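Please find one structure pasted underneath; my questions will follow.
So you know, we letter chains A, B, ... as the sequences are listed, proteins then strands, and number each from 1. Keep in mind that this is a model prediction, so the values were computed, not measured.
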Protein chains: 2
Amino acid sequence: MGTHYNGSKKVMRALDSYIKLMRAADTINSAVNLSLSKFGLTESQFNVLDALYHLGPLSQKELGYKLLKSGGNITMVIDNLEKDAYVERRRGTEDRRIFFVHLTKEGGEKLEEILPMKVNFITNEMNRLNKTEQIELQRLCKKIGIRKQ
Amino acid sequence: MGTHYNGSKKVMRALDSYIKLMRAADTINSAVNLSLSKFGLTESQFNVLDALYHLGPLSQKELGYKLLKSGGNITMVIDNLEKDAYVERRRGTEDRRIFFVHLTKEGGEKLEEILPMKVNFITNEMNRLNKTEQIELQRLCKKIGIRKQ
DNA sequence: GTTAAATATTTTAATATTGAACTATTAGCG
DNA sequence: CGCTAATAGTTCAATATTAAAATATTTAAC
């Protein structure tokens with residue numbers, strides 16, 4: 001390899017930081033998703049149920065905005081959740097373009113079945129770091145993820 | 001995570017750490033992927049080219065292992081890269097079950113076109129943290145992502 | 001040495017994901 | 001009012017992703 005990417009120490013360090021950050025996020029995330037799949041939910045489905053549970057009925061537009069997903073994606077995820085009767089679409093009365101997505105009783109129960117497990121799992125994973133370390137990790141991550149507020 | 005699991009401070013802290021970690025990884029990742037898409041590559045495609053560039057020809061199995069992806073997924077990604085003539089499959093001579101994936105001239109050029117941009121981008125993003133902070137971030141992330149390295 | 005077990009890859013069936021084109025409805029402007 | 005813009009959602013065509021079943025080849029065991 002030429003001199004191009006031997007780069008300075010600064011560059012090497014940044015790349016190393018990047019890789020380790022991604023790997024850490026990936027490790028926890030795939031483990032969480034694996035657990036979710038045992039309950040028959042995908043990550044996206046869980047996120048929708050979670051949002052509806054804590055925020056109440058939302059339009060598909062609002063869901064997409066909050067979960068950072070495209071409109072087409074939300075349509076698909078809601079379709080699949082509706083198949084399982086975890087949510088239902090209710091056409092807006094004021095503006096008939098809008099579908100409000102409501103959590104059903106089953107959807108709420110499903111979420112309540114899963115939430116403690118997820119909380120527990122994440123707690124265990126993150127507690128590989130002690131209090132001081134976690135506070136520092138939060139500070140550093142905030143510096144990086146800041147633009148998303 | 002909801003107010004229903006107010007739990008101990010320990011739990012709250014872990015959840016907060018988790019969210020900030022994910023957000024940081026997400027912020028950088030979506031920005032990197034957006035840049036990649038302008039070059040007509042997906043993240044997975046880039047990762048394959050990058051691995052082949054730096055490690056030389058690899059079997060699909062090895063690629064899956066290094067990139068943490070399933071066999072079926074690697075088949076698909078290689079198919080698409082092969083369509084664009086960025087890689088080619090060569091059947092193993094010793095063991096004819098194996099396909100070794102080789103970077104083509106075009107594939108190498110494509111990577112060299114993109115790499116500086118990516119390195120530069122990541123360097124800028126990560127250098128929001130100074131040297132000490134990055135070393136600490138790496139240490140913390142390694143503790144979390146440890147099972148995968 | 002032939003058969004069974006292991007391994008590498010492919011295929012298949014779901015779901016996810018995006019951007020672009022399309023449909024339906026509403027809002028705005030003259 | 002009637003036409004046009006904008007908006008909400010759906011559909012479509014790619015690609016990604018996994019797990020599980022299928023195929024091909026090699027290794028191991030008897």
ILVMFWY clustering at 4.5 Å (side-chain atoms), partners of B:Ile135: none

Sugar-phosphate only, base, or nothing, as touched by A:Ser37 at under 4.0 Å among non-hydrogen atoms: nothing

What pairs of donor and acceptor atoms, side-chain ones from residues 38-45 of chain B against any protein atom, are under 3.5 angstrom apart with sequence neighbours left out?
unit_1: B:Thr42; atom_1: OG1; unit_2: B:Gln45; atom_2: N; d: 3.1
unit_1: B:Glu43; atom_1: OE1; unit_2: B:Asn33; atom_2: ND2; d: 3.3
unit_1: B:Gln45; atom_1: OE1; unit_2: B:Thr42; atom_2: N; d: 3.1

N-glycosidic conformation, D:dA16 - syn within 90 degrees of 0, else anti: anti

B:Leu55 and B:Lys66: CA distance, side-chain angles, deciding distance, side chain to side chain contact (heavy atoms under 4.5 Å, CB included) verdict: CA-CA 11 Å; B:Leu55 302 174; B:Lys66 295 208 183 291; 3.4 Å; yes

Residues forming a side-chain contact (heavy atoms from CB on, under 4.5 Å) with B:Glu106, sequence neighbours excluded: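 If we apply the side-chain contact (heavy atoms from CB on, under 4.5 Å) test to B:Glu106, skipping adjacent residues, the hits are B:Ala85, B:Tyr86, B:Thr104.
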
Members besides A:Ile98 in its Ile/Leu/Val/Met/Phe/Trp/Tyr cluster (side-chain heavy atoms under 4.5 Å): A:Phe100

A:Arg97: salt bridge (charged side-chain N to carboxylate O under 4.0 Å, His left out) partners, not counting sequence neighbours: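 Salt bridge (charged side-chain N to carboxylate O under 4.0 Å, His left out) check on A:Arg97 returns A:Asp95.
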
Atom-to-atom span, CD of B:Gln60 to P of C:dT9 - whole angstrom: 5 Å

Under 4.0 Å protein heavy-atom contacts per nucleotide of nucleotides 15-26 of chain C, with B for base, S for backbone only and - for none: SSBB-----BBS

Partner nucleotide, any strand, of C:dA27 [Watson-Crick/G-U, under 3.5 Å]: D:dT4

A:Ser37: side-chain contact (heavy atoms from CB on, under 4.5 Å) partners, not counting sequence neighbours: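 For A:Ser37, the residues satisfying side-chain contact (heavy atoms from CB on, under 4.5 Å) (neighbours in sequence not counted) are A:Leu34.
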
Span of DNA chain D in contact with chain B (heavy atoms, under 4.0 Å):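 Taking any atom under 4.0 Å from a heavy atom of chain B, the span is D:dT15 to D:dT26.
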
Complementary nucleotide of C:dA13, counting Watson-Crick and G-U pairs under 3.5 Å: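 Across any shown strand, C:dA13 pairs with D:dT18.
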
Partners meeting salt bridge (charged side-chain N to carboxylate O under 4.0 Å, His left out) with B:Lys20 (sequence neighbours left out):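 Scan of B:Lys20 (salt bridge (charged side-chain N to carboxylate O under 4.0 Å, His left out), adjacent residues dropped) gives B:Asp16.
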
